[in-house]
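Notes for the one structure printed next.
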Amino acid sequence: MLTPPPAMVRKDTSDGVKAVLGPTNTGKTHLAIERLCAHSSGMIGFPLRLLAREVYDRVCKIKGEANVALITGEERIEPKNARYLLCTVEAMPVTDRQTAFVAIDEAQLGADRERGHVFTDRLLHARGREETMILGSSALEPMVKALIPGVEVITRPRFSTLSHVAPKKLSRVPPRSAIVAFSVEQVYALAEMLRRFRGGAAVVMGALSPQTRNAQVELYQSGEVDYLVATDAVGMGLNLDVQHVAFAGLAKYDGQRHRRLTSAEMAQIAGRAGRHQTDGTFGTLAGMHRGGRGGEEIEFEPEEVYAIEEHRFPPLTKLFWRDPEPRFDSLDTLIADLETPPERPELRLAPEAIDLAVLKRLAEDPEIVDSVRGRARVERFWDVCRLPDFRQQGTETHSRFVARLWQDLRHGELGADFVAQQIAHLDRTGGEIDTLQGRIAAIRSWAYIAQRPDWVLARDEMAARARAVEARLSDALHGKLTERFINRRTALLMKKLGPDTGLLSVRLEDEEVLVEGEHIGSLRGFAFQIDPQTRLTDRKLLLSAAEKHLPGLLEARAADLTKAIHEGTATLALTGTAMTWDGEPLGALGAGRGLLAPVFVPDRLLDAIPAPARKDLVAALEVWLEKQLEPLAPLGKLDEASRSEEAGPDLRALLILLVERGGILAREQSGLEKLDKERRTMLARLGVRVGALDLFVPAMLRPNPINLWRELARLAGKAPRGGAPDETMPPALAAGKRDRLPGYRSLGKQLIRIDMAEKLLREAHTQREDAAKAPTPPAVTTDAPTDMAAVEDEAAATPAQDQPETADVQASADTAAPAGDAAADTPPQASEAKDGKGKGKGKDRGRDKGRGRGPRPNFPLDPARAISMGLTPESYERLLRLGGFQPVEPRGKPAREDKAPEAPAEGETAAPETATAKTDAAQGPAPTQLWTWRPPRRQAPQQAPSKRPARPREGNAFAALADMVR
């Protein structure tokens, strides 16, 4: 087996390469942007996503958004014809030689332990077609000359002077200063002290997202706060108007050990002081000690001060390097190539970075090794291992995350649903500062994953979602930092208040009340609430300002709401008897002169609105309320007719009862028999349907009218019977505990909607009439009497299309019984049979024979429509019995029981009668059930008491007295 040659540095041309070197504030980046825009195309690689985004915005203003692209690990904006690319160094397309200009910013980071090999590779291989520019510190000059023969080195001087000053106490640090600490705890402590002493400070840390960092920097740049507390992240890529940099420490933990900063690192941070022609100063905070309170105070060494002021630093002698093009034959080959040292003496093998550490850690897992076979799989696995550790949780934790990711990616792309679920899990803006920072770090990982072209389905959509979540989390974190470390309210009010609070500017943004741009409370609906976090010293000032400006705000809001009501766009709601606007109270319904005429009672909050605007608003709300009560218009017609003299006392009483019962009334309770034909005609014209079992208004058999009527009945002091209606009002429901549900009639274990019950009974009567017209064979008749001529038409029924039908019975609507079936509306008032077997007593039969009536026929009934509505055979039979239908049993057979015999338990022998039934069933199909009809019993009108006294019983005086009293 041949041993592969050691990795070699590719020899790229050095024609047109310029190295622009110098300290901070020398205009190197500005020069690179000018040169980029001077070429037909170009690309710049930056050390930070934040800096790349800042330059992207600047170039877009010059060249237009259609010509500029932003490429980072977490965000890609790539117009189709983009000619100018702003990238992070890791995201630069190194092998692309199509751009005329290429620049690498902060190239001295080639000496960084974690990312140095990336900067070194770009320094060696990234080239523009016409011009290449390398930007960095003067310490990089020996390396540039050694690695790039013929390079043109340009040294630029600093525009301003940087001077060292004596240590200062935190309370004496001048405005427009940045205080630099090297731990999160120290940053928080310093910011909290500045909040108490000077009103607050902006906070900048490496753990913040670029958006949060920009928002905090903007607080400082705009002058809202005069102090900035930051970690050493402030030293890279932030252009600030800082006049003084105060060091709270001179040592940091670099991931391996706690060490003192190098003079170059000190200068990088201190160089933030002084911009362009403005001089700056740097120094330490007095009272800060090494190793705690008892240690020696921190201070710069004289040689460090000299190096920073004179910009003289030890030159770099080595740059870190790692094979940029390893082989992917196997995991072992890949690891070997990544650990192969360079041949050039100017280069040093890079320390084990997090990506290589993860690769080696997972290469020890046999299950993962088995899944990484073949060149393509090895290359894809290496791409997964190179996922940045945004959460900064170390090799072990990051390895587990990468391993879980690989389990999905080895089979293809991640599903959009899975990625969306992971992103949505992080879309929570609650929690404290540390919690939000953790979520931002996690969402940055998913933003990086979503940007990969072959990792995620629906890449653009998932990437947009991840960026949107990061933006929301960043805003929440910015708000938390501002809330904790900045107290602007008191200073702002006292600065602009003067003798008259009326001079303060008060405005309303959404629902937040701002005084001079400062949040002081909220206006929810028409209720003003002072911010509960307002200090007691501020409350009097805030209330004074609010009292003078609030009526005008309320008047404008009332006018807007009135206009929206008239236009039909107002988000009003009637919940029970309460009227609300976006959940905020406006008023409630009160008892009026009648059940259907409630009055609107405005809430007390509306009293603060000036009188004209309040009057218009109340009038608009009353109009809106009338529209909400329109579903009760059918009951309104009944209520109005009940006050008419033409109705007569009996019909008025019936109409009043219908209104009080919500348009639904059982027939036996209605007193219908007292109405003459004219009154019944009036009842039909009012939309009341007279059925065999119930009187009802079809329009009231819907959830919304029923709920409205229930609330108005409760408001009028009449407790509605039954529970709330079902939302869908199906034809049939299981009874359970809902045996008194509005609009339904109980059938034992089931409930049936009353209009569907009438439809079924109407159909049964139609089948009965068809059977009566057909010649009846003698074998299927009984000697039960019949009286078809006794059917009288009590009231004209409403058309079938007025009935509220659901999808369950819509298909059978075409076969419904005729609307004018008098037999379904009014059973005949003829003689009634005594039993359910179709056998009358001899007296009844004689009466029928005396009247010349023939025997009543038996007839079958088709239960198909009832079953389609969801009724069981037992419930259907119970409904038929309520309507006067009786099952007919063949002679010589016992009466049919309602319940079928129970099946024998396992291992038992069936009873003889059960076995006989099975034998009969096996001989042929069960005979069709036959029915006969008799009019249901109606309570006869109460007769006048007989004048003839009852005869007392003999032998017992007390019994005779009781009979007389009774």
Side-chain angles (χ1 to χ4, degrees), residues 1 3-4 6-7 71-74 76 88-95 114-118 121 320-341 349-416 418-419 422-423 441-459 462-463 466:
M1 178 177 178
T3 303
I71 304 176
T72 69
E74 305 153 65
R76 301 178 74 93
T88 52
V89 171
E90 286 83 353
M92 291 179 68
V94 182
T95 58
E114 183 70 27
R115 303 171 64 199
H117 62 91
V118 179
D121 177 67
F320 290 116
W321 178 89
R322 191 173 71 185
D323 189 354
E325 295 181 350
R327 294 168 297 165
F328 300 106
D329 299 335
S330 66
L331 288 179
D332 293 337
T333 303
L334 173 62
I335 294 173
D337 285 358
L338 293 175
E339 292 182 336
T340 300
L349 181 64
E352 186 177 88
I354 185 69
D355 53 359
L356 179 57
V358 169
L359 174 64
K360 295 171 68 175
R361 168 68 180 83
L362 297 182
E364 299 173 357
D365 189 337
E367 182 179 352
I368 292 180
V369 172
D370 291 340
S371 66
V372 184
R373 301 292 185 185
R375 179 181 178 84
R377 279 289 183 94
V378 173
E379 184 174 3
R380 186 176 179 85
F381 181 64
W382 173 232
D383 288 339
V384 176
C385 291
R386 293 168 66 186
L387 172 69
D389 183 16
F390 293 106
R391 295 173 294 178
Q392 299 294 321
Q393 293 181 345
T395 302
E396 189 65 30
T397 302
H398 191 54
S399 297
R400 290 197 294 268
F401 181 74
V402 171
R404 290 195 300 270
L405 182 62
W406 171 248
Q407 295 301 321
D408 297 321
L409 286 177
R410 68 178 182 174
H411 300 297
E413 295 176 309
L414 298 176
F418 171 75
V419 178
Q422 299 300 317
I423 293 174
I443 198 61
R444 290 182 69 185
S445 297
W446 285 105
Y448 181 92
I449 293 170
Q451 289 294 343
R452 299 287 302 185
D454 57 345
W455 283 13
V456 178
L457 294 172
R459 185 191 73 172
M462 294 302 105

Test log, rule side chain to side chain contact (heavy atoms under 4.5 Å, CB included), inputs Y448 and F390: CA-CA 10 Å; Y448 181 92; F390 293 106; 4.0 Å; yes
CA sep, side-chain torsions, deciding dist, call: E339, K360, salt bridge (charged side-chain N to carboxylate O under 4.0 Å, His left out): CA-CA 11 Å; E339 292 182 336; K360 295 171 68 175; 2.8 Å; yes
Reported CD1-to-CG distance for the pair I368 and L331, which is rounded to 0.5 angstrom: 9.5 Å
N/O donor-acceptor pair under 3.5 Å between D389 side chain and H398 backbone: no
Atom pair CZ/CD1 of F418 and I423 - distance to nearest 0.5 Å: 10.5 Å
Side-chain touch I449/L414, heavy atoms, less than 4.5 angstrom: yes
Short side-chain to backbone donor-acceptor contact, S399 and T395, under 3.5 Å: yes
Candidate list L334, V378, V384, test side-chain contact (heavy atoms from CB on, under 4.5 Å), partner V372, passing option: V378
Distance-minimising heavy-atom pair for E352 and A357: OE1-CB, 3.5 Å
Audit row: E90, R115, salt bridge (charged side-chain N to carboxylate O under 4.0 Å, His left out) steps and yes/no: CA-CA 9 Å; E90 286 83 353; R115 303 171 64 199; 2.9 Å; yes
CA sep, side-chain torsions, deciding dist, call: W455, V419, side chain to side chain contact (heavy atoms under 4.5 Å, CB included): CA-CA 10 Å; W455 283 13; V419 178; over 6 Å; no
Exercise: identify the closest heavy-atom pair between A416 and A458: CB-CB, 4.2 Å
Distance, nearest 0.5 Å, that separates CG of L457 from CD of E413: 4.5 Å
Any donor-acceptor N/O pair, E114 side chain to I354 backbone, under 3.5 Å: yes
Heavy-atom pair of closest approach, residues I443 and A466: CG1-O, 3.7 Å
Shortest non-hydrogen contact between P388 and S445, atoms and distance: O-OG, 4.5 Å
Side-chain (R322) to main-chain (G116) donor-acceptor, under 3.5 angstrom: no
Shortest non-hydrogen contact between M462 and V456, atoms and distance: CG-CG1, 3.8 Å
Side chain proximity check, T72 to Q451, heavy atoms < 4.5 angstrom: no
Where H117 and A353 come nearest, the two heavy atoms and their spacing: NE2-CB, 4.5 Å
Audit row: L359, W382, side chain to side chain contact (heavy atoms under 4.5 Å, CB included) steps and yes/no: CA-CA 7 Å; L359 174 64; W382 173 232; 3.7 Å; yes
D121/W321 under side chain to side chain contact (heavy atoms under 4.5 Å, CB included): CA gap, chis, key distance, verdict: CA-CA 7 Å; D121 177 67; W321 178 89; 5.7 Å; no
Using a 3.5 Å cut-off and no angle test, enumerate the donor-acceptor pairs between side-chain atoms of residues 400-409 and protein atoms at least two apart in sequence or in another chain.
residue : atom : partner : partner atom : Å
W406    : NE1  : S371    : OG           : 2.9
Q407    : OE1  : R410    : NH2          : 3.2

Spatial distance of atom CG (D383) from atom CG (D454) [nearest 0.5 Å]: 7.5 Å
Interatomic distance, I335 atom CD1 to L356 atom CG [nearest 0.5 angstrom]: 7.0 Å
